[in-house]
Amino acid sequence: MSTAFPDWTGDTAPLREAQLRLAHQVILRDQFPKRLRTVAGFDVGFEDDGRTTRAAVVLLDADTLDVLETRLARLPTRMPYLPGLLSFRELPAMLDALAHLHGTPDLAFIDGHGIAHPRRLGIAAHFGIVTGLPSIGVGKKLLIGESRTPLHQTRGAFTPLRDGREQIGWLLRSKPGCLPLVVSPGHKVAMASVPELVMRFTTTYRLPEPTRLADRLASDSAGEDH
DNA sequence: GCGACAG
DNA sequence: ATCTTGTCGC
């Protein structure tokens with residue numbers, strides 16, 4: 001367990017090493033129920049000027065998108081935000097929120113990248129390896145990679161995101177007139193399955209419902225309870 | 001050495 | 001991420 005979360009000593013080397021090792025365990029094949037029953041959205045926010053990390057998880061019925069369960073978890077912030085090392089800062093709180101959930105999602109949508117990461121272990125992939133749950137990364141901004149072909153303006157259009165000759169994710173126009181989402185496999189989800197899975201849970205907003213609802217809980221001050 | 005840089 | 005007014009477009 002300590003191997004998946006080295007203590008923060010101020011040295012980033014151990015964290016980078018852990019990512020390289022864990023990245024080998026990522027499975028890029030669909031390994032979730034043919035018929036999804038529930039999905040969950042995760043996101044993190046901060047309180048007390050960043051001293052407290054607040055994670056939110058929302059469990060939804062995969063067919064109706066009805067909210068089945070909601071959980072909030074708070075943990076002392078363990079380290080600063082460092083590009084490429086986000087998961088070591090935010091994942092602990094998310095795991096705590098997951099632990100308090102009564103149900104277990106068939107698929108998790110994580111706010112952040114999956115394998116669209118320098119060492120192929122963004123927070124969504126890290127989450128999948130640690131929990132064993134299928135996961136997808138939904139990012140609002142690019143960390144690394146580039147797209148060559150232009151992205152159509154139509155809803156649902158997508159184009160490959162690549163790092164050199166390797167595809168690491170997709171740019172997905174979840175909503176017309178909006179900047180595309182950066183989506184990538186986390187764990188137990190095939191690259192080719194990502195665009196459709198994200199769109200399947202996207203209604204009229206840029207973000208898919210699972211992450212949109214988790215976003216609201218994690219950052220909305222109206223949730224300063226429980 | 002110079003930029004880029006999830007949340 | 002978080003702090004925040006007015007502004008643009010459907």
Side-chain angles (χ1 to χ4, degrees), chain A residues 5 8 12 15-16 18-19 22-23 26 41-58 72-97 108-130 135-147 153-155 161-164 168-187 194 198 203-208 210-224:
Chain A
F5 283 102
W8 175 241
T12 62
L15 308 189
R16 294 168 185 284
Q19 291 182 321
L22 295 171
V26 171
F42 289 81
D43 190 31
V44 167
F46 297 88
E47 304 173 357
D48 310 318
D49 294 309
R51 290 188 292 275
T52 299
T53 299
R54 173 171 64 175
V57 57
V58 178
L72 279 181
R74 288 183 177 74
L75 251 52
T77 298
R78 52 169 7 212
M79 62 175 272
Y81 164 70
L82 299 176
L85 300 176
L86 174 70
S87 63
F88 297 104
R89 169 176 162 88
E90 305 192 346
L91 205 42
M94 283 173 41
L95 296 177
D96 196 17
F109 287 85
I110 312 295
D111 193 352
H113 301 303
I115 64 169
H117 176 280
R119 291 168 292 284
R120 309 293 183 263
L121 197 85
I123 190 167
H126 198 164
F127 171 93
I129 291 302
V130 172
S135 62
I136 288 178
V138 180
K140 296 181 287 296
K141 292 179 180 177
L142 206 56
L143 209 207
I144 59 159
E146 56 189 47
S147 62
Q153 295 302 313
T154 56
R155 187 195 122 95
L161 171 67
R162 53 188 59 190
D163 181 12
I168 57 177
W170 306 90
L171 251 40
L172 173 66
R173 184 137 268 145
S174 54
K175 177 177 180 173
C178 285
L179 288 174
L181 246 31
V182 181
V183 297
S184 59
H187 185 47
V194 173
V198 173
T203 60
T204 64
Y205 300 90
R206 181 163 87 121
L207 295 175
T211 53
R212 189 180 73 81
L213 296 174
D215 251 61
R216 216 168 52 171
L217 267 181
S219 59
D220 182 26
S221 298
E224 305 280 291

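A, B, ... follow the sequence lines: proteins, then strands. Residue 1 opens every chain. All values below come from the heavy atoms of this structure, side chains included, with hydrogens, waters and symmetry mates left out.
When all heavy atoms of A/Ala93 and A/Thr53 are compared, the closest pair comes out as CB-CG2, 3.7 Å. Residue A/Ala124 comes nearest to A/Ser135 through the heavy atom pair O-OG, 2.8 Å, listed as atom of the first residue, atom of the second, then distance.
In this structure, A/Ser184 OG and A/Arg120 CZ are separated by 10.0 Å, a value rounded to the nearest 0.5 Å. Between the CZ atom in A/Phe88 and the NE2 atom in A/His126 there is a gap of 5.0 Å [rounded to 0.5 Å]. A distance of 8.5 Å separates CZ of A/Arg162 from CD of A/Glu146, quoted to the nearest 0.5 Å. In this structure, the separation between CG on A/Leu207 and CZ on A/Arg216 is 12.0 Å, given to the nearest 0.5 Å.
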Can you build the contact string for nucleotides 2-7 of chain B? Use B for base contact, S for sugar-phosphate-only contact, and - for no protein heavy atom under 4.0 Å. ---BBB
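Under the side chain to side chain contact (heavy atoms under 4.5 Å, CB included) criterion, A/Leu95 pairs with A/Phe5, A/Leu91, A/Phe127, A/Val130, A/Thr131, not counting sequence neighbours. Evaluation of the side chain to side chain contact (heavy atoms under 4.5 Å, CB included) rule for A/Thr154 yields A/His152, A/Ala157 as partners, not counting sequence neighbours.
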Dot-bracket assigned to DNA chain B with the 3.5 Å Watson-Crick/G-U criterion, [ ] for crossing and | for other-strand pairs, is .......
Would you write the dot-bracket representation of DNA chain C, where each base gets (, ), [, ], | or . depending on whether it forms a Watson-Crick or G-U pair under 3.5 Å and with which partner? ..........
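Residues A/Leu181 and A/Pro208 have side chains in contact (heavy-atom distance under 4.5 Å, counting atoms from C-beta outward). In this structure the side chain of A/Ile129 reaches within 4.5 angstrom of the side chain of A/Val26, judged on heavy atoms.
Judged by distance alone, with hydrogens and angles left aside, the side-chain atoms of A/Ser87 form no donor-acceptor pair with the main-chain N or O of A/Ile123 at under 3.5 Å.
Taking atom CD of A/Glu47 as the reference point, atom P of C/dT2 lies 10 Å away to the nearest angstrom.
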Which atom pairs link the protein and nucleotides 4-10 of chain C when you take only N or O atoms and keep those under 3.5 Å?
none

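Here A/Asp96 does not pair with A/Arg74 in a salt bridge; the nearest charged N to carboxylate O distance is not below 4.0 Å.
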